[in-house]
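Notes follow once the structure below has been shown.
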Amino acid sequence: MKEAKYQGTHHLEKSNFDLFKTIDCGQCFRWSHKGERFIGVVNKSILVIVEEASQYTVDVYGSPLSKSDLQHYFDLDTDYEPIYNVLMARDETLKKAVESGWGLRMMHQAPFETLISFILSSNNNIPKIKMTIEALAERFGEPLGTLEGQAFYAFPEVQPLAEASLEALNVKAIGYRAKSVSFTAKKIVEESLDLSVPFALSAEAGRTWLKQFYGVGDKVADCILLFAYEKEEAFPIDTWVKKMLMTLYGVEKNHMDFIKHYFIAYPGVAQQLLFYYIRNIQNKG
DNA sequence: TTTCAGGTGGTGC
DNA sequence: GCACCACCTGAA
């Protein structure tokens, strides 16, 4: 494979934007970091981001990616301060969660990639999901070139996944989820489904639309709505969140009703902040 | 060697 | 509508 072509450099302001928190909170799977250097694959571009005192310097390789694409991908055009202020005023825990997660942004990722990635996330954990996605990209994705000897691949398009046999899809750690990936890709191709449809739907209707795919239930649908379709009302409920809602608010059932009333306009941001906060407390013991 | 974590889909009530 | 279980694999 050839060396990936350098396509230019962008700079991003660090004000109210923390790249580490943004890629470390479980919303994306194609980013890694070592110290202040981050590497990720976004569509057909490889991004190498270096954190400096007052800004992030982004080198683009592979296909070009404009500054505005980058701004949109990391949701940098949204002013988070009013959201933070509303959430911080709710209670002490949210206040601490906002303080610890300050700068965490809701990413806007490609619908097909997000759909398949979160199908893989069911009954699974982040390191394994990442392994599987890299294996799928290597087998079915477009080669983007090498950087320092390492090969990078785009996330697979729908067509090769739809055409692949279950044996071919049986990559590392995928397990029974190969069937869900296959069914979903086949359905999109055979029924010529337009994945941009949920952008125009309410969160409720979008959830129903996404659940037409085998392997997509309430939680996975809400992740896709939040991380690809910019539905801030979506609130993915997994076992962590259930425990958190029980511990912090004594909520045992009807989670969605509580969420709608308590987090008002920003359930998605609240969910990410609380998830990040709880997980960090857990990791620190 | 065994056990566990983690959503969805299906079955049976 | 709710309760239960199979599904698969890496990590502990």
Side-chain angles (χ1 to χ4, degrees), chain A residues 24-32 109 111-140 161 164-188 190-191 193 195 198 203-229 231 233-247 251-260 267-268 271-272 274-285:
Chain A
D24 188 49
C25 66
Q27 60 181 323
C28 62
F29 302 103
R30 302 215 66 198
W31 282 89
S32 64
Q109 304 179 70
F112 181 66
E113 171 169 345
T114 311
L115 170 63
I116 297 297
S117 296
F118 282 93
I119 282 175
L120 295 174
S121 81
S122 88
N123 214 5
N124 211 343
N125 56 49
I126 292 170
K128 271 171 63 191
I129 300 163
K130 284 186 168 182
M131 265 192 267
T132 300
I133 290 174
E134 289 316 308
L136 284 177
E138 195 176 327
R139 186 169 294 179
F140 299 103
L161 293 183
S165 66
L166 278 183
E167 290 73 33
L169 283 170
N170 190 25
V171 298
K172 199 169 172 46
I174 197 169
Y176 57 86
R177 300 171 199 85
K179 189 172 126 186
S180 309
V181 171
S182 177
F183 280 17
T184 296
K186 279 192 163 79
K187 190 176 172 70
I188 293 169
E190 282 164 13
E191 300 178 22
L193 295 175
L195 284 187
E204 198 65 33
R207 183 180 299 115
T208 306
W209 194 88
L210 288 167
K211 280 168 69 175
Q212 74 180 293
F213 298 112
Y214 187 86
V216 179
D218 285 327
K219 190 268 181 179
V220 167
D222 272 16
C223 284
I224 302 165
L225 288 170
L226 191 55
F227 304 137
Y229 292 106
K231 304 291 183 200
E233 315 92 286
F235 193 104
I237 299 170
D238 59 13
T239 52
W240 285 82
V241 171
K242 267 188 197 160
K243 270 181 228 161
M244 179 267 290
L245 289 177
M246 182 62 206
T247 312
V251 176
E252 258 183 292
K253 48 183 191 173
N254 300 114
H255 298 98
M256 282 316 264
D257 294 336
F258 172 79
I259 287 154
K260 270 182 207 155
Q271 198 265 1
Q272 281 303 93
L274 287 167
F275 182 85
Y276 188 78
Y277 178 60
I278 296 280
R279 219 182 47 154
N280 277 358
I281 290 174
Q282 185 90 5
N283 290 346
K284 283 170 194 162

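Chain letters run A, B, ... following the sequence lines, proteins first, then strands; residues in each count from 1.
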Item to check | Side-chain heavy-atom pair A/E113, A/S117 within 4.5 angstrom cut-off | outcome: yes
Checklist entry - Reckon A/K128 touches a base, only the sugar-phosphate, or nothing at all at heavy-atom distances under 4.0 Å? => result base
Checklist entry - When you list every nucleotide of DNA chain C with an atom under 4.0 Å from a heavy atom of chain A, which one comes first 5' to 3', and which comes last? => result C/dC7 to C/dG10
Checklist entry - So, does A/D238 use its side chain to make a donor-acceptor pair with the main chain of A/V241 at under 3.5 Å? => result yes
Checklist entry - Within a strict 4.5 Å, meaning less than it, do heavy atoms of the A/L195 and A/L115 side chains meet? => result yes
Item to check | Qualifying residues under salt bridge (charged side-chain N to carboxylate O under 4.0 Å, His left out), relative to A/E134, sequence neighbours excluded | outcome: A/R30
Item to check | A/L225 side chain reached by A/W209 side chain, heavy atoms, under 4.5 Å | outcome: no
Next on the checklist: Any non-hydrogen side-chain atom of A/Q27 less than 4.5 Å from a side-chain atom of A/L226?
Outcome noted: no
Item to check | A/R177 side-chain N/O to A/N123 backbone N/O, donor-acceptor pair under 3.5 Å | outcome: yes
Checklist entry - Taking all atoms of both residues into account, what is the closest heavy-atom pair of A/Q109 and A/C28, and its distance? => result OE1-CB, 3.5 Å
Checklist entry - If you round to the nearest 0.5 Å, how far is OG1 of A/T132 from CD1 of A/I116? => result 12.5 Å
Next on the checklist: For A/E191, give me all partners under salt bridge (charged side-chain N to carboxylate O under 4.0 Å, His left out), at least two apart in sequence or on another chain.
Outcome noted: A/K187
Item to check | Heavy-atom side-chain contact between A/S182 and A/L161 under 4.5 Å | outcome: no
Checklist entry - Given B/dG6, is OP1 or OP2 found less than 4.0 Å from the side-chain N or O atoms of A/W240? => result yes
Item to check | Test log, rule ring-ring contact (aromatic ring centres under 6.0 Å, His included), inputs A/F29 and A/F227 | outcome: CA-CA 12 Å; A/F29 302 103; A/F227 304 137; 8.6 Å; no
Checklist entry - Got a sec? Which of residues 175-187 of chain A come in under 4.0 Å of DNA chain C, heavy atoms? => result A/G175, A/Y176
Checklist entry - Between A/D218 and A/K211, does at least one N-O distance fall below 4.0 Å, as a salt bridge requires? => result yes
Item to check | Residues from residues 117-126 of chain A lying under 4.0 Å of DNA chain B - heavy atoms | outcome: A/S122, A/N123, A/N124
Checklist outcome for this item: Note: contacts of residues 203-215 of chain A with DNA chain C (heavy atom, under 4.0 Å) are none
Checklist outcome for this item: Whole-Å distance, A/I129 CD1 to B/dT8 P, equals 12 Å
